[in-house]
Structure formats: C-alpha cells, structure tokens
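Structure, as structure tokens:
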Amino acid sequence: MAKQATVGLGLRREMLDEFCQQVPDEIDFFEVAPENWMTLGGKFGKQFRQLTEQHEFFCHGLSLSIGSPEKLDTDFVKNIKAFLDLHQINIYSEHLSYCSGTGHMYDLMPIPFTEEAVSYVAKRIKQVEDILERPFILENVSFYAAPGAQMTEQEFVNAVLTEADCKLLLDVNNIYVNSINHQYDAAQFLASMPTDRIEYMHIAGHYEETPELMVDTHGADVIDPVWALLQQSYQLHGVFPTLLERDFNIPKTPELLLEINQIHQYQQQALTATKIRSA
C-alpha cells in the first residue's frame with residue numbers, strides 16, 4: 001500500500017446503527033479485530049457486511065498468539081483468511097506478543113527478547129502469510145516486564161521484522177508508554193524503526209497509574225506528548241494511514257472526530273512541509 005494521508009477509526013458494535021446511516025467524511029477507513037466479527041450473524045452481521053461493501057477495512061487481530069510456545073493454530077488462521085476473503089480485506093496485522101500456552105490467557109504477554117525467539121517468531125509469521133496469502137503486518141506492543149531479555153525491545157522488533165521480512169504497524173502510543181515504563185528515549189526508538197517496513201500507524205490514549213507507570217488502555221483521549229510523537233513520526237518516516245484506537249469510555253462521534261481531525265491536520269502539515277523542502 002502506498003503512503004496515504006488517511007485516518008481511520010476502530011469500529012465497535014455500538015457504532016453500527018449510526019454508521020450504517022452515515023459515515024462522516026473524516027473517517028477514511030475502519031479497523032476491526034476479526035475475532036470479534038467472524039461469527040456474527042443476524043442484524044449485526046448484515047450491518048457489518050453493509051459497511052465492508054461500502055468502506056475500506058483493515059483487520060487487527062487479538063488472538064493469533066504469534067509467539068506462543070504451542071503449535072500454530074492453522075485452523076484459526078484459515079478462518080481468518082475466509083473472513084478476509086469474504087469482506088475483501090487485504091490488511092491484516094497482529095501483535096508481537098503471545099496470549100496462549102496450554103490455555104488462552106486473554107492478555108498480550110511479552111515474548112522474550114532473544115535471538116531464538118526472533119527465529120521462532122519469523123518462521124511462524126511466514127506460516128501465517130502462506131495461509132492468508134497476504135503480507136503479515138506486525139505491531140510493536142506495550143509490555144510491563146521483559147523476562148529473559150538478551151536484547152533491547154528496539155533490537156528485538158527490528159530483528160523480527162528483518163528475519164520475517166514483514167511489514168510494521170507502528171503504534172505511537174505503545175512507544176510512549178514503554179518509554180515511560182522502561183525509561184528509554186521515545187524519539188530515539190521511533191527513529192530506529194525501519195521506514196520502508198511501515199504499513200500504517202496507531203495512536204491512542206492510555207491510563208497513568210503513577211508518573212512512572214502508564215497502562216495502555218485505549219480508553220482515554222490522546223495526550224500531548226503522544227501527539228508530539230505522532231508529528232515526529234510523520235517528519236521522520238513520512239505520512240501513513242493512521243488509526244485512532246478507542247476501545248473503552250467511547251465518546252459520541254463528534255468528540256471522536258476532534259481527534260480524527262487532529263490527525264488529518266498533522267498529516268497535511270507534514271505533507272506541506274515535505275513539499276516546501278523539495279521545492
């Protein structure tokens with residue numbers, strides 16, 4: 001996908017009635033977790049199909065568990081492919097984490113930052129790509145502990161992207177959250193991400209437990225330091241499709257549009273600055 005100055009919103013079930021009547025022009029695409037929509041029938045299923053026929057959709061998975069010690073659930077991946085095919089969705093991303101072992105943990109756990117894990121995850125990514133017949137897009141995740149780490153998060157993310165030869169979903173809020181929790185330079189981490197692998201971006205709000213502990217909730221407004229990091233992202237890497245994540249405490253659409261329009265504004269500013277520099 002070429003670089004685009006587009007802005008998306010995570011679609012929630014409670015938004016269906018409104019958006020089946022009208023989608024605001026400011027929303028260029030929607031993103032959904034396929035697990036939450038694959039088995040929907042009845043009214044919700046019809047409404048969802050109506051929207052996917054009329055608007056661009058991305059998929060961002062929750063339970064693939066790419067770093068799990070258990071065998072890859074190929075039946076699950078085949079179900080994902082059927083869903084993507086049905087709704088003609090080409091963009092599929094997942095978290096650089098795991099959420100299952102002998103059972104499902106319903107949380108995103110950090111993969112040990114080791115060379116062994118790099119090779120292991122890269123092989124599983126290629127397995128998934130072979131089934132989906134689509135590029136695999138990997139998201140840098142927020143994490144709260146780094147058990148068994150032999151390399152930094154920055155080194156690990158770059159190593160997996162290189163070995164798997166896959167794309168990156170650059171989550172700006174996760175960089176900020178991790179920079180506070182693990183005391184590193186967010187701008188330096190951002191600059192180290194490979195521009196040519198970025199497919200699209202996420203921005204979201206989080207919860208401040210203490211000044212030293214941020215929790216990635218997607219349940220609050222985006223704060224100024226995260227907005228600043230998004231602007232830096234556009235300056236460093238260029239403008240990419242950017243999604244506003246809001247999963248809890250969801251305000252009315254006009255309030256969501258304030259943040260969506262903020263993203264549009266930063267994208268246009270970055271594009272204008274690029275044109276001026278190249279003139």
Can you give the donor-acceptor pairs under 3.5 Å from side chains of residues 122-129 to other protein atoms, not counting sequence neighbours?
{"unit_1": "R124", "atom_1": "NE", "unit_2": "I66", "atom_2": "O", "d": "2.7"}
{"unit_1": "R124", "atom_1": "NH1", "unit_2": "E70", "atom_2": "O", "d": "2.8"}
{"unit_1": "R124", "atom_1": "NH1", "unit_2": "Y120", "atom_2": "OH", "d": "3.1"}
{"unit_1": "R124", "atom_1": "NH2", "unit_2": "S65", "atom_2": "O", "d": "3.0"}
{"unit_1": "K126", "atom_1": "NZ", "unit_2": "E163", "atom_2": "O", "d": "3.2"}
{"unit_1": "E129", "atom_1": "OE2", "unit_2": "F136", "atom_2": "N", "d": "2.8"}

Indicate yes or no: at least one non-hydrogen side-chain atom of [X] is less than 4.5 angstrom from one of [Y].
| X | Y | answer |
| --- | --- | --- |
| H95 | H60 | yes |
| F58 | V32 | no |
| V157 | L96 | yes |
| F83 | I89 | yes |
| H55 | I27 | no |

From the list V7, D28, L243, side-chain contact (heavy atoms from CB on, under 4.5 Å) partner of I260 resolves to V7

- Is the number of heavy atoms from other residues, nucleotides or ligands within 6.0 Å of CD (Q188) greater than 12? yes

At what distance, to the nearest 0.5 angstrom, does [atom1] of [X] lie from [atom2] of [Y]?
| X | Y | atom1 | atom2 | result |
| --- | --- | --- | --- | --- |
| E35 | L64 | CD | CG | 8.0 Å |
| L230 | Q235 | CG | CD | 9.5 Å |
| Q154 | L190 | CD | CG | 10.5 Å |
| C20 | K43 | SG | NZ | 9.0 Å |
| I80 | S63 | CD1 | OG | 6.5 Å |

Under a 3.5 Å distance rule, please check whether [X] uses its side chain to pair with a backbone N or O of [Y] as donor and acceptor.
| X | Y | result |
| --- | --- | --- |
| H206 | V177 | no |
| R49 | T52 | no |
| Q267 | T6 | yes |
| H202 | L244 | no |
| D171 | N140 | no |
| E155 | T152 | yes |
| R246 | G10 | no |

Requested in this report: Mind telling me whether Y200 and F29 have parallel, tilted or perpendicular rings, with 30° and 60° as the class edges?
Outcome: perpendicular

Indicate, with yes or no, if the rings of [X] and [Y] have centres closer together than 6.0 Å.
| X | Y | value |
| --- | --- | --- |
| F19 | F30 | yes |
| Y266 | Y234 | no |
| Y184 | F189 | yes |

| request: Answer yes if the side chains of E18 and T253 hold a donor-acceptor pair under 3.5 Å, and no otherwise. | output: yes

Can you tell me if E53 and H87 form a side-chain donor-acceptor pair at under 3.5 Å?
no

Are K167 and D196 within salt-bridge range, i.e. N to O under 4.0 Å? no

The side-chain hydrogen bond (donor to acceptor under 3.5 Å, both in side chains) partners of E133 (sequence neighbours excluded) come to K81

| message | Show, in sequence, the C-alpha distance, side-chain angles and deciding distance for H182 and E153, and conclude whether the side chain to side chain donor-acceptor pair (under 3.5 Å) test is met. | response | CA-CA 10 Å; H182 304 290; E153 179 199 1; over 6 Å; no

